[in-house]
Amino acid sequence: MNYWLMKSEPDTFGIDDLAARPEQTEPWDGVRNYQARNMMRDAMRLGDRVLFYHSNCKPPGIVGTMEVVREGYPDDTAWDPQHKYFDPKSSPDKPRWYRVDVRLLERFPRLVSLDELRSRPELAEMRILQRGNRLSITPVSAEEWQIIHEIAAIAS
DNA sequence: GCCAACGTTGGC
DNA sequence: GCCAACGTTGGC
């Protein structure tokens, strides 16, 4: 099993939105970055676990976990001229963008903030903590996954 | 709202 | 294929 971290802005789509969806499941569409696309198309597998990270908010941090319930398939929002994620260079014949479906696994009892992640030497290698990182999907190690759960379980 | 970091675009 | 200009991300 692989572990990942995916960012979303809570103003656009946060963990509350995911919790409110039928079966608490949602297609993770709108990703328009090749590295992140490749991970969804080629590397993410059914049952993989995902940390849900709230970005561009106060405070940023990890709010819960998700599970991959459908592996990479074309993101058809790119084909709809009315859609904000429209990309004229993508077509049903030659899809340029992909998405996976995710389902909510658990909401953490509290947010694990970016500051807390930075304060843990064991997490220093996390991609999300590297200077200038903007990638919205990043791999996470099993150890990092475990440590983040331990942090979430203790009161702040 | 600022701005550093990084990705993409397009002229050459 | 180089690289300057531009757009986006996202913490602060």
Side-chain angles (χ1 to χ4, degrees), chain A residues 2-21 26-44 48-66 68 72-102 104-141 143-145 147-152 154-156:
Chain A
N2 296 309
Y3 301 94
W4 308 90
L5 178 147
M6 300 205 296
K7 297 183 199 173
S8 184
E9 302 189 10
D11 286 351
T12 306
F13 186 83
I15 198 163
D16 290 340
D17 299 300
L18 180 60
R21 287 289 192 268
E26 178 76 358
W28 203 264
D29 52 26
V31 173
R32 297 292 180 266
N33 168 280
Y34 289 104
Q35 275 182 270
R37 187 275 313 264
N38 292 347
M39 282 188 268
M40 289 199 290
R41 190 189 57 187
D42 306 330
M44 296 181 84
D48 279 2
R49 300 295 154 98
V50 184
L51 297 167
F52 195 140
Y53 180 90
H54 278 179
S55 67
N56 210 1
C57 58
K58 223 171 41 173
I62 298 166
V63 291
T65 63
M66 305 178 282
V68 176
Y73 64 104
D75 180 351
D76 63 18
T77 63
W79 310 333
D80 176 1
Q82 313 300 347
H83 204 284
K84 64 174 172 172
Y85 297 139
F86 176 60
D87 178 354
K89 292 174 180 163
S90 186
S91 68
D93 286 350
K94 282 200 158 213
R96 170 172 298 208
W97 305 113
Y98 283 71
R99 60 186 169 189
V100 298
D101 289 356
V102 289
L104 181 65
L105 268 186
E106 58 175 331
R107 306 166 73 123
F108 282 166
R110 66 183 186 85
L111 172 136
V112 177
S113 72
L114 181 60
D115 283 347
E116 279 182 286
L117 298 176
R118 286 196 197 288
S119 74
R120 290 295 195 115
E122 317 94 286
L123 300 178
E125 301 300 311
M126 285 187 75
R127 184 78 179 264
I128 190 93
L129 303 181
Q130 307 310 309
R131 182 180 181 80
N133 168 70
R134 294 186 310 168
L135 202 54
S136 66
I137 303 178
T138 51
V140 169
S141 75
E143 291 75 15
E144 290 161 349
W145 176 271
I147 291 165
I148 288 162
H149 276 72
E150 288 167 10
I151 298 173
I154 51 176
S156 50

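This structure is a prediction, so every number in the text was calculated from the model and none was measured. To find a chain, count down the sequence lines: A is the first, B the second, and so on, and within it residues start at 1. The basis for the numbers below is simple: all heavy atoms, side chains too, and nothing from hydrogens, waters or symmetry mates.
- Of all the residues in residues 120-135 of chain A, A/Arg131, A/Gly132, A/Arg134 reach under 4.0 Å from DNA chain B with at least one non-hydrogen atom.
- Each of A/Thr65, A/Ile15, A/Val63 was checked for a side chain to side chain contact (heavy atoms under 4.5 Å, CB included) with A/Phe108, and the lone residue meeting it is A/Thr65.
- For A/Pro95 against A/Tyr98, the heavy-atom pair with the smallest separation is CG-OH, 3.7 Å.
- Residue-level contact check: A/Lys7 touches the backbone only, with heavy atoms under 4.0 Å from sugar-phosphate atoms and none from bases.
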Worked verdict on A/Glu116 versus A/Arg110 for salt bridge (Lys or Arg N to Asp or Glu O under 4.0 Å)
CA-CA 12 Å; A/Glu116 279 182 286; A/Arg110 66 183 186 85; 3.0 Å; yes

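- Taking the six-membered ring wherever Trp is involved, the centroid distance between the rings of A/Tyr73 and A/Trp97 does not fall below 6.0 Å.
- Within the structure, the side-chain hydrogen bond (donor to acceptor under 3.5 Å, both in side chains) test picks out the following pairs touching residues 75-86 of chain A (sequence neighbours left out): A/Arg32-A/Asp75, A/Arg32-A/Thr77, A/Asp75-A/Thr77, A/Asp76-A/Arg99, A/Trp79-A/Ser90.
- In this structure, A/Ser119 OG and A/Ile151 CD1 are separated by 6.5 Å, a value rounded to the nearest 0.5 Å.
- Along DNA chain B, the nucleotide closest to A/Asn33 and the one closest to A/Asn56 are compared, and the more 5′ of them pairs with A/Asn56.
- Using a 4.5 Å heavy-atom cutoff, the side chains of A/Asp101 and A/Glu26 are not in contact.
- Nucleotides of DNA chain B with any atom under 4.0 Å from a heavy atom of chain A span, from 5' to 3', B/dA4 to B/dT9.
- Remark: the A/Glu106 side chain and the A/His149 side chain contain an N/O donor-acceptor pair separated by less than 3.5 Å.
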